[in-house]
Amino acid sequence: MHDDVYQMYLEEVKRIPACTLKEEEELPGLAQAGDRTARQRLLEGMLHYVLELAGKYKSHGLTMGDLVQEANMALLLALESYEGGNFREQVKELSIERIQMAIQMQNQEKQAEEEMAARVNVLKDISQMMAEELGREATVEELAEKMKMTVDEIKEIMKVTLDAMNVSYNRLG
């Protein structure tokens, strides 16, 4: 579905002529002065450029749809904050900034997920080991002491595990 929407977007953009250099120089000022036609033409005419910018990051972990969305937001922000100068360069700078920030955020989220998965696995292993040693299930306090963590951290890991199990169960049911 995501790819279908992106393909439809690409087909739509192909039908729109890109801004000429002259338009890129004239339209930002007119748009800032309130000319709605100039604003619309500039935004549509620059879509080719932001697609090109987004495409340079397609192998960095985000979907093309997400990359394009960030670049489109940068285009809008560049127009809203335009006070003169090279509009294309401003769009480029904002696009790169937003795309790199989105990639960084996704990488941080992925790393946090991996760290949590590792904690869940360690907790499971230690819990099983302690159950064998104690002849019963270990308490949260015992697990926290063994793992050198707080009781709240252990409870959070257990909650994440339980939430994941509930999601899996709900998908099956």
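Model, not experiment: these values are computed from the prediction.
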Does [X], at its [atom1] atom, have more than 12 non-hydrogen atoms belonging to other residues, nucleotides or ligands within less than 6.0 Å?
X: Arg36; atom1: CZ; result: no
X: Met105; atom1: CE; result: no
X: Glu83; atom1: CD; result: no

Closest approach of [X] to [Y] (non-hydrogen atoms, all atoms of both residues):
X: Leu62; Y: Ala102; result: CD1-CB, 3.6 Å
X: Leu94; Y: Leu77; result: CD1-C, 4.0 Å
X: Met147; Y: Leu123; result: SD-CD1, 3.5 Å
X: Ala38; Y: Ala31; result: CB-N, 4.0 Å
X: Met46; Y: Cys19; result: N-SG, 4.1 Å

Task: Between CG on residue Asp152 and CD1 on residue Ile157, distance to nearest 0.5 Å - done: 11.5 Å
If you define the side chain from C-beta out and look only at heavy atoms, does anything of [X] sit under 4.5 Å from [Y]?
X: Leu47; Y: Leu43; result: no
X: Leu75; Y: Tyr49; result: no
X: Gln128; Y: Lys124; result: yes

- [ ] Determine, for Lys159 against Glu156, whether the closest basic-nitrogen to carboxylate-oxygen distance falls under 4.0 angstrom.
- [x] no
Open item on the list: For Arg15, is there an ion pair with Glu44 - N to carboxylate O distance below 4.0 angstrom?
Closed with: no
Open item on the list: With ring-ring contact (aromatic ring centres under 6.0 Å, His included) as the rule and sequence neighbours excluded, what pairs involving residues 65-123 come up?
Closed with: Tyr82-Phe87
Open item on the list: Checking the side chain of Glu24 only, and the main-chain atoms of Gly45 only, is there a donor and an acceptor separated by less than 3.5 Å?
Closed with: no
TODO: May I ask you to decide if Ile16's main-chain N or O and His48's side chain share a donor-acceptor pair within less than 3.5 Å?
DONE: yes
Open item on the list: Going by side chain to side chain donor-acceptor pair (under 3.5 Å), name the pairs with one or both residues in residues 93-103, residues two or more places apart or in two chains.
Closed with: Tyr57-Gln100, Glu70-Arg98
Open item on the list: Restricting to side chain to side chain donor-acceptor pair (under 3.5 Å), what partner residues turn up for Gln111, sequence neighbours left out?
Closed with: Glu115
